[in-house]
Amino acid sequence: MANLADELQQRQHKLAELRNKGTNPYPQRYERTHSIAELIRQKDKLVADELKIKTAGRIVTWRGHGKTCFAHLDSDGTRIQIYVRQDQLGEADYQQFKLLDIGDFVGVEGSLFYTRTNELTIVVDKYNLLTKSLRPLPEKWHGLKDVETRYRQRYLDLLANPDVRRIFLLRSRLIQAIRDYLNQQDFIEVETPMMQPLPGGATARPFITHHNALDMDLYLRIAPELYLKRLLVGGFERVYEINRNFRNEGLSTEHNPEFTMLEFYMAYADYNKLMDFTEDMLASLAQQVLGKQQLEYADKTIELTPPWKRLTMLEAIAAHSSIKETELGDLKQVQDIAGELNIPVDKHDSWGKIVQKIFEQVAEPKLIQPTFIIDFPTEVSPLSKAKPDNPALVERFELFIGGKEIANAFSELNDPQDQRRRFEAQVAERAAGDDEAQYLDEDFLRALEHGMPPTAGEGIGIDRLVMLFTNSQSIREVILFPQLRGEKQTTTRDKE
RNA sequence: GGGCCGUUAGCUCAAUUGGCAGAGCAACUGACUCUUAAUCAGUAGGUUGAAGGUUCGAUUCCUUCACGGCUCACCA
């Protein structure tokens, strides 16, 4: 009795035996007087008054002693010990109790006391099986370490590894705190299409799908941007959306094909205002969720207390290399520099694109403390408003923390004629072979022609933010079910 | 897609130079009425990721494949 097939069979036999004795192993409901967490909170009164309680949980440990048994029940991450005695239950019920396994859910009735070793414990008068478990849980002491199993069977990971549970609790609290923060500032949360006839608002390869009844191809969105801006045209002045984007790109420790993005738009603001706003928002979130404004990330301490450093992209390159700003003036110069740095450059790459590549190579990984990189090349920012004094640059920033890009924001381009020219430049790049260049969206241009107020908008990668807040080195650690290759077909043995 | 590393019992891990595949926990049987990584005695559990190859002999060496991790490229 002990390879997996045998153990599964063993548990099936116990299940059948319980059924034969009239036990329903999967009853509908169980009325508790207290959750386990509530028992612990109210323990002083419950012990002093010797009150009868009913609670429920999953059996996670088991120590049998002949005619008594100790076990721990877990409910929603909180554990309590139970003490089961044959002289309390009677022999028949006690023998049946021994048919239970680690992993089963039970409801227990009894009262609280302290053991000799001073552990709060329920002495059980009566129990009910609530769910029979047919597969063994991972081992109690070493837990579950196999990364593949952790991701494929995340429920086991959550049961076996308390730190994993904490990460996803924190993720939930962080997202709730973001909603609270924005709602307090008069933002409204909206939902825009995930399936779009044209994938817009970012430079990325999309997933494509097909609607049968309409007989049309649709793209899973790579960004909600163009729809959110239509809402600004429609008179909503502060909107945000927290939802999934889909990009058909490679996977890495920082990229999952579907990822969660916050985008928000603020009318009458520009990118300078958004930098102030972002500093305050992230520092407030850290204070609220972590209780402090410092992050421990990869052996470094990150200080989120504002103000944060603001550097133009050209200044950042100069600050982190021996390149001078004046050496980045024209296309030929940056092509030469890229060549010296062994940065692969495409023949038709623009000045702006090469400058961005140089920046990513020499400066980006060094931006550990929060840093706004501002004033991007216009050529790589087709939706951003140009700087009034220099049309080669736009009012755009990206926020880097811990060497990762966390946010991307700009003064939104609301001049429909300029926007049309920018789209046309993208179409030309696409024709030249860049399959990530953006599409010309006539419907969006029509909206802009009706008038969008001056607006600043920002996107924040929620997964990466959670990585920072939880000191996680891989995006898979903060996504419950990260994308993996298809699993091998389950073996016959495994199905038994 | 490229490079490097990994895959041994349900879980966590061993196995010397190529020489009988092992331990702890989990499981099963028995003992045990305050244990808590319960204890004690015993039992069982393996297509060493898959398929080939070299060899008297392969967990070990070689090839191909699958899956995972890191990394490079692409991106956020």
Side-chain angles (χ1 to χ4, degrees), chain A residues 1-11 13-14 60-72 79-89 94 101-103 113-119 121 123 134-153 156 159-160 201-205 222-223 245-263 342-344 346 356-357 360 364 398-400 404-408 434-436 459-465 467 473-476 482 484-489 491 493-494:
Chain A
M1 285 301 158
N3 64 21
L4 180 58
D6 289 339
E7 175 151 5
L8 299 187
Q9 210 166 44
Q10 183 66 34
R11 290 197 178 210
H13 285 148
K14 288 176 177 175
V60 289
T61 67
W62 184 284
R63 295 174 296 283
H65 293 266
K67 296 186 180 60
T68 68
C69 177
F70 287 91
H72 278 96
R79 291 183 175 194
I80 195 167
Q81 183 169 254
I82 63 172
Y83 180 36
V84 183
R85 298 169 58 100
Q86 179 168 296
D87 58 11
Q88 290 273 334
L89 293 186
Y94 186 79
D101 289 297
I102 289 175
F113 77 109
Y114 284 97
T115 62
R116 238 176 243 165
T117 50
N118 209 33
E119 177 165 352
T121 299
V123 58
L134 298 178
R135 286 177 183 269
L137 290 176
E139 193 242 333
K140 63 186 173 188
W141 190 242
H142 298 93
L144 179 65
K145 292 190 176 162
D146 182 79
V147 177
E148 188 173 351
T149 308
R150 287 186 47 229
Y151 295 158
R152 288 196 196 280
Q153 294 179 269
L156 296 180
L159 289 170
T203 51
R205 280 202 300 274
I222 56 176
N245 290 346
F246 307 86
R247 299 191 184 174
N248 207 339
E249 314 272 0
L251 288 70
S252 79
T253 49
E254 295 185 11
H255 300 84
N256 195 63
E258 53 179 306
F259 63 102
T260 301
M261 181 83 112
L262 161 68
E263 280 202 16
N342 289 321
I343 297 172
D346 222 64
Q356 190 174 25
K357 284 180 176 176
E360 286 168 1
E364 187 173 316
E398 285 187 349
L399 169 63
F400 292 89
K404 293 180 206 312
E405 182 188 335
I406 298 298
N408 179 22
D434 182 352
D435 60 358
E436 290 182 353
I460 296 182
I462 296 297
D463 310 284
R464 290 185 182 175
L465 196 61
M467 287 172 69
Q473 308 307 311
S474 167
I475 199 168
R476 296 180 202 99
L484 299 178
R485 215 175 285 268
E487 193 176 8
K488 276 179 284 189
Q489 205 175 5
T491 65
R493 185 187 70 171
D494 206 23

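Below, chain A is the first sequence line, B the second, and so on; all start at residue 1. None of these values were measured; they are calculated from a predicted model.
Under the salt bridge (Lys or Arg N to Asp or Glu O under 4.0 Å) criterion, A:E148 pairs with A:R152, sequence neighbours left out. With sequence neighbours excluded, no residue forms a side chain to side chain donor-acceptor pair (under 3.5 Å) with A:Q88. Judged as a side chain to side chain donor-acceptor pair (under 3.5 Å), and not counting sequence neighbours, the contacts of A:E258 are A:R244. Residues passing the side chain to side chain contact (heavy atoms under 4.5 Å, CB included) test with A:T121 are A:Q81, A:Y83, A:F113, A:T115, A:E119, sequence neighbours excluded. Every residue meeting the side chain to side chain donor-acceptor pair (under 3.5 Å) condition with A:D87, not counting sequence neighbours, appears here in chain and number order: A:R85. Taking A:D101 as the reference, A:R11, A:K14, A:K132 meet the salt bridge (Lys or Arg N to Asp or Glu O under 4.0 Å) condition, with sequence neighbours excluded. A:R63 meets the salt bridge (Lys or Arg N to Asp or Glu O under 4.0 Å) test with no other residue; sequence neighbours excluded. Shown here are the salt bridge (Lys or Arg N to Asp or Glu O under 4.0 Å) partners of A:D346, two or more places apart in sequence or in another chain: there are none.
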Could you pull out the protein-nucleic contacts involving nucleotides 3-5 of chain B (nitrogen or oxygen on both sides, under 3.5 Å)?
none

Within the sub-3.5 Å range, which N or O atoms of nucleotides 30-32 of chain B have a protein N or O partner, and how far apart are they?
residue	atom	partner	partner atom	Å
B:C32	N3	A:G66	N	2.9
B:C32	N4	A:G66	N	3.0

Polar atoms only, N or O, under 3.5 Å: list the protein pairs with nucleotides 70-72 of chain B and their distances.
residue	atom	partner	partner atom	Å
B:C70	OP2	A:R476	NH1	2.8

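Here A:D434 lies out of heavy-atom contact (under 4.0 Å) with every strand. Across all strands shown, A:T115 has heavy atoms under 4.0 Å from base atoms, whether or not it also approaches the sugar-phosphate. Within the nucleic acid shown, A:G461 has no heavy atom closer than 4.0 Å to any nucleic acid atom.
Checking B:U33, B:U35, B:A26 against every side-chain atom of A:E7, the shortest atom distance belongs to B:A26.
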Item to check | RNA chain B base-pair string [pairs: Watson-Crick or G-U under 3.5 Å; |: paired with another strand] | outcome: (((((((..((((.....[..)))).(((((.......))))).....(((((..]....))))))))))))....
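Between A:R63 and B:U35 there is no side-chain N or O to OP1 or OP2 distance below 4.0 Å. Contact between the side-chain N/O atoms of A:K145 and the OP1/OP2 oxygens of B:C11 is not found at any separation under 4.0 Å. The shortest distance between the side-chain N/O atoms of A:R464 and the OP1/OP2 oxygens of B:A76 is not below 4.0 Å. Considering only side-chain N and O atoms, A:R152 lies under 4.0 angstrom from the phosphate OP1 or OP2 of B:G68. For the pair A:R205 and B:C74, the criterion of a side-chain N or O lying under 4.0 Å from OP1 or OP2 is not met. Dashed line: the shortest gap from a side-chain N or O of A:K140 to OP1 or OP2 of B:U12 is not under 4.0 Å.
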